Number of protein chains: 2
Amino acid sequence: MTTIPLPGSPVRGSRSGAPVMALLDLLGRRWAMGVLWTLCEGGPATFRVLQERCETISPAVLNSRLKELREAKLVERTAQGYAATKLGEQLYGHLEPLGAWAKIWGKSVKSSTTARKK
Amino acid sequence: MTTIPLPGSPVRGSRSGAPVMALLDLLGRRWAMGVLWTLCEGGPATFRVLQERCETISPAVLNSRLKELREAKLVERTAQGYAATKLGEQLYGHLEPLGAWAKIWGKSVKSSTTARKK
DNA sequence: CAAAATGCTATCTTTTTCATAGCAAACTCA
DNA sequence: TGAGTTTGCTATGAAAAAGATAGCATTTTG
């Protein structure tokens, strides 16, 4: 079993346990941000629906991420299924601008990477 | 070799290749945000110095992340060593508030998780 | 020029993630 | 009520990624 990164306890990448390091560890796991993003964008969803929305996530990973996000108080179970908590929405508020920024980034990258292989 | 997620090409987690999905894929790799964070916080650094700043990163992973970040135009090599590009700084600008937010988060989580096991 | 620093690559082990299958419990409704 | 469906996962085996460590070629320094 994996340890769930929580602020205060030492995490991968930092012996200090600085909150931001715990956060980066938590979010730096495959699908962590994607799941939160999807939940916030599309609203509460059951496990199965969430899985479909994420298109390619496997149930095992979805389950792991949900456990972690719930323990981190970013996601909770409601009558409607899984949903972002207030804290989760707050975090999403910080992440959401990345959507717009990514488009700008996309242009910069593409203009310098036209016709690349592999 | 791993494919580097770039906007426009389909990435893990999304067949669409939406820029934000490419970004989340790129950043959702271990140490990706940490490296950018460290570079922006501490300024340009040589490979070795960067490695030390990151405390526990292995050279292989650091090397991979640097390649990806460079291809994504977020990091570049300068006379001073590796450094965030303008684009990278911009992105960091969006990430940076997470530092403060993580502290708030830390309190909420801790208050509900006092004395947990495992 | 010898010693130290730099920038990685190689290698092996441990973790994560992926891809699927499938099962138990809750829900539907004929 | 009880067969069929949906939901929420768990199990499993294989592939990919990350971690730990050693070490080597090149550059820099004294």
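Naming convention: chains lettered A, B, ... in sequence-line order (proteins, then strands); numbering from 1 in each chain. If you're wondering where the values come from, they're calculated on a predicted model, not measured in any experiment.
- Taking atom CZ on A:R48 and atom P on C:dA26, their separation rounds to 16 Å, with Å as the unit.
- Scanning all heavy atoms of the two residues, the minimum distance from A:P59 to A:Q51 falls at CD-NE2, 3.7 Å.
- Put simply, B:N63 has no side-chain N or O that comes within less than 4.0 Å of OP1 or OP2 on C:dG7.
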Step-by-step salt bridge (Lys or Arg N to Asp or Glu O under 4.0 Å) determination, A:R29 to A:E68: CA-CA 10 Å; A:R29 292 177 181 199; A:E68 293 160 10; 3.1 Å; yes
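- A straight line from CH2 of B:W31 to C1' of D:dA18 spans 12 Å, rounded to a whole angstrom.
- Per the geometry, CG belonging to A:L62 stands 10 Å off C1' belonging to D:dC9, to the nearest Å.
- No side-chain heavy atom of A:K73 sits under 4.5 Å from any side-chain heavy atom of B:S108.
- Five base pairs at each end of the helix from C:dC1-D:dG30 to C:dA30-D:dT1 define two local axes, and these are offset by 30° (rounded to 10°).
- Note: CD1 (B:I57) to C1' (D:dA18) measures 10 Å, nearest angstrom.
- If you measure from atom CZ of B:R30 to atom C1' of C:dT17, you get 10 Å, rounded to the nearest angstrom.
- When rounded to the nearest whole Å, the span between CD of B:E52 and C1' of D:dA20 equals 16 Å.
- Within the structure, a side-chain polar atom (N or O) of A:T46 is placed less than 4.0 Å from OP1 or OP2 of D:dG8.
- In this structure the side chain of A:L69 never reaches within 4.5 angstrom of the side chain of A:L39, judged on heavy atoms.
- Take the nearest nucleotide of DNA chain D for A:G81 and for A:A60: the residue whose nucleotide is more 5' is A:G81.
- Screening B:L23, B:L24, B:V20 against A:M33 for a side chain to side chain contact (heavy atoms under 4.5 Å, CB included) leaves a single residue, B:L24.
- Taking atom OH on A:Y82 and atom P on D:dT7, their separation rounds to 13 Å, with Å as the unit.
- Positionally, the nearest nucleotide of DNA chain C for A:G28 lies more toward the 5' end than for the other of A:Q51 and A:G28.
- Between the CZ atom of A:R29 and the P atom of C:dT17 there is a distance of 7 Å, rounded to whole Å.
- Using a 4.0 Å cut-off, some side-chain N or O of A:R77 falls inside it from OP1 or OP2 of D:dC9.
- Residues A:L66 and A:Y82 meet the side-chain proximity criterion, which asks for heavy atoms closer than 4.5 Å.
- A donor-acceptor contact shorter than 3.5 Å links the side chain of B:W105 to the backbone of A:A72.
- For the pair B:R65 and D:dA18, the criterion of a side-chain N or O lying under 4.0 Å from OP1 or OP2 is met.
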